[in-house]
Amino acid sequence: MTQIRLTLPDQSVREVPAGTTGREVAAMIGPGLAKAALAARVGGVIWDLDRPIGEDASFAILTDRDPDSLELLRHSTAHILATAVRELFPGAGIGFGPPIEDGFYYDFDVPRPFTPEDLEAIERKMDEVVGRDYAFQREVVDRAEANRRFADDPLKLERISELGDDEVISVYTDGPFQDLCRGPHIPSTGRLKHFKLLHGAGAYWRGDERRQMLQRIYGTAWFKKEDLAAYLHRLEEARKRDHRRLGKELDLFVFHPSSPGSAFWTDRGTTIYREVNDYIRALQQQAGYQEIKTPLLYNKLLWERSGHWGKYRENMFLVLDNESGEHDFSLKPMNCPSHHLLFGMRKHSYRELPVRYATFDVLHRNELTGALAGLTRVRQFQQDDCHIYLRPDQIAGEVHALTQMILAVYATFGLTATLKFATRPPQRIGEDAMWDRAEADLRAALEATGLPYELKEGDGAFYGPKIDFDVSDSIGRKWQLGTIQLDYAAPERFDLGYVGEDNAEHRPVVIHRAMCGSFERFIAILIEHFAGAFPLWLSPEQVRVLPVTDQQDEAAARVVARLRAAGIRAALDAGNSTLNYRIREGEVGKVPYMAVVGQREADADTVAIRVRGAGNKQEVVPVAEFVARLAAQIGSRALDA
RNA sequence: GCCACUGUAGCUCAGUCGGUAGAGCACCGCAUUCGUAAUGCGGGGGUCAUCGGUUCGAAUCCGAUCAGUGGCUCCA
């Protein structure tokens, strides 16, 4: 019998007969490892434990400590889910069931949606399947055999028909259930210990709204009980800091059925909105941007020229023109066309470039009703939108400055960003030479930041390459926020030009740039990121002054007046409730500072400061010092309150 | 838009078998004058999302509409 050589992770080599399985190798190494083994990594690829190994390779055993094992577990859990569903709903068609971040899902073709009671019953049935400890068995079959086995399931047949002739068709069986699957899987269903089904949802077959609606079940699975508990706890935490909930609790914004998808901002919410806006405005003013305002309403002349009328009309709010009786006008869904119009309305010299138009105008997009969600998907919003018109030789310098500015903005909010560089897509306009230069310029600017970035080949816009900024918040969720896009198409479409040194007309390049993107969505992210406990400069109410008894009402009112005179948002809480009660209200309301004024403080012109979240570690300081300290903290937009 | 679920006081939520609506918080009043996370007592507040149907009778059952929530390829 031929021997093969397996190189273990410690670089030692083990000779075994060809055809030995991962399980057998694990047993040779040690009984403990054999017991813990979930799969084998053969030549870098994860294999089922019982799959025979035919040639020399690197070899490692996967246990529950291996990060890749979770994916394995979750995919197998999806199969166990399908096994249970097939027992309870014998005719169910089987869609896709991949592992996803933190869990898995599986899509089923069933005559009616799953109810919460169904999910409970399925979960109990899964417990049974786990108890029976079925082995996951892999078989390789030919196309005819695959078609025969899944003859009763059109979804699987469709998938089989798409497989190339050179692809291996494998089938996995656990007990009564078999599934077309690439694998690999855990050795048996009994290895699953800690899982939970989370919710059902409708999902189109292959994500295509023209195809039938399948019923998806989402779930999660973990190796350790504590991990499952921690995950469920994390879900609960995320729910607690949901901006829709906090927006209501902290009185920041509301929605009304009369204008679905558009927020009503209260005074407190508007304060946050304005602070974010003022901050961006100040940065842009320092960097030489021109803030402009352009109309909200345009007739279709503009939209035909920009191309929106053909491609984007379904997302635009059309407005009836009384004279023509036609819906020839639309609220603008984007700022770019109007900026190009303004730029094009007079001559520009090469000397004045780059021209940087910034705006905070209101935009409207007619999103599908089902897509609306809190502040993250709205129909009316404002952006920190900017279009920069420049000469090609200015691209590198400008992109460098933009990248620095965007990262500085995120740092101010305590957000960290990762960068993605997206290059020319297959469908594009412009010559290769233009793309060569554009990509080189963008990449050079990116390299100059010294930041790591991910290359997304072919993911650019059809009109130019771009840099996208993915931001992580305090609980590790990712949001795509900023973008820098080079655009060579718009200047052509809008026939933009500038007069060069040679006294001839030249085409500028346009850069589209957003940092926060939609303020609505950005503020939603901030609310969840800070869990409503905003840094001082963003807090709607920065200081709440509490007199101990009504004997100190006047002294407290004087403190409020002094704070306000220094531009600090201060409020007096002199209700007839107890001091304890008012302090609790301040803490629950996440006010960064409470300043208590009792007789001692009133006499000494001091306040007793209580910092949000710091308990009763109070500090007594002169009012003047308190004012100066807060003013400095606000002025620097410090992160901690 | 499509599938499912939800809609009861400002907020969070009870409401049994179809028999005429309730709690806590918030709000208002009175008392309390309080030193770092909820003082006590009393009071006002609801077209049970809207419209229609079934019924002697509907928050409850049925239908439609409106709105919200979870989803709608992280590819066997």
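Chain identifiers are assigned alphabetically (A, B, ...) following the order of the sequence lines, protein sequences preceding nucleic acid strands; residue numbering begins at 1 within each chain.
No salt bridge links Arg612(A) with Glu587(A); every basic N to acidic carboxylate O contact stays at or beyond 4.0 Å. Salt-bridge check for Arg149(A) with Glu145(A): passed, with a basic side-chain N closer than 4.0 Å to an acidic carboxylate O. Ion pairing between Asp107(A) and Arg216(A) holds under the 4.0 Å rule for side-chain N and carboxylate O. A salt bridge links Glu162(A) to Arg159(A): at least one charged side-chain nitrogen sits closer than 4.0 Å to a carboxylate oxygen. A salt bridge links Lys420(A) with Asp470(A): at least one charged nitrogen is closer than 4.0 Å to a carboxylate oxygen. A salt bridge does not link Arg365(A) with Glu314(A): none of the charged nitrogens is closer than 4.0 Å to a carboxylate oxygen.
C25(B): Watson-Crick or G-U partner is G10(B), with both key distances under 3.5 Å. Pairing for C5(B) goes to G68(B), judged as Watson-Crick or G-U wobble with the two contacts each under 3.5 Å. Across all strands shown, G40(B) forms a Watson-Crick or G-U wobble pair with C30(B), both key distances being under 3.5 Å. For C75(B), there is no paired nucleotide, since no Watson-Crick or G-U wobble pair has both relevant distances below 3.5 Å. If you check C51(B) for Watson-Crick or wobble pairing at under 3.5 angstrom, you find it paired to G63(B). Pair assignment for C56(B): G19(B), on the basis of Watson-Crick or G-U wobble contacts that are both within less than 3.5 Å. Nucleotide G35(B) has no partner under the Watson-Crick or G-U criteria, as no pair reaches both atom distances under 3.5 Å.
Under 3.5 Å, the side chain of Arg206(A) and the base of U73(B) form no donor-acceptor pair of N or O atoms. On a pure distance criterion of 3.5 Å, no polar donor-acceptor pair joins the side chain of Arg582(A) and the base of A38(B). Checked by distance alone, Tyr204(A) brings a side-chain donor or acceptor within 3.5 Å of a matching partner on the base of G1(B).
Residue Val110(A) is out of contact with every strand shown, counting any heavy-atom pair closer than 4.0 Å. In this structure, Asn580(A) reaches the sugar-phosphate backbone alone: every heavy-atom distance under 4.0 Å involves primed, P, OP1 or OP2 atoms, never a base. Note on Gly370(A): a base of the nucleic acid sits closer than 4.0 angstrom, heavy atoms only. Within 4.0 Å of Arg216(A), counting heavy atoms only, lie sugar-phosphate atoms of the nucleic acid but no base atom. Arg600(A) comes within 4.0 angstrom of a base, heavy atoms only. As judged by a 4.0 angstrom heavy-atom cut-off over every strand, Lys617(A) is placed among residues making no nucleic acid contact. Among the atoms of the strands shown, only primed sugar atoms or phosphate atoms (P, OP1, OP2) are found under 4.0 Å from some heavy atom of Leu372(A). Nucleic acid contact class of Gln599(A) (heavy atoms, under 4.0 Å, all strands): base. Among the protein residues, Glu601(A) comes within range of the nucleic acid bases, having at least one heavy atom under 4.0 Å from a base atom.
Here, C61(B) and G18(B) have their P atoms 8 Å apart, quoted to the whole Å.
In this model, the phosphate group of U69(B) is approached by a side-chain N or O of Arg244(A) to a distance below 4.0 Å at OP1 or OP2.
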Any protein N or O atoms within reach of nucleotides 5-12 of chain B? Criterion: under 3.5 Å, listing atom names and distances.
| from | atom 1 | to | atom 2 | distance (Å) |
| --- | --- | --- | --- | --- |
| U12(B) | OP1 | Lys248(A) | NZ | 3.4 |

Protein-nucleotides 26-30 of chain B N/O pairs under 3.5 Å:
| from | atom 1 | to | atom 2 | distance (Å) |
| --- | --- | --- | --- | --- |
| A26(B) | OP1 | Tyr581(A) | OH | 2.3 |

Polar atoms only, N or O, under 3.5 Å: list the protein pairs with nucleotides 64-66 of chain B and their distances.
none

Please report the C-alpha distance between Thr220(A) and Asp102(A) in whole Å, then the side-chain angles of each, then the deciding distance to 0.1 Å, and finally whether the side chain to side chain donor-acceptor pair (under 3.5 Å) criterion is met.
CA-CA 6 Å; Thr220(A) 188; Asp102(A) 295 328; over 6 Å; no
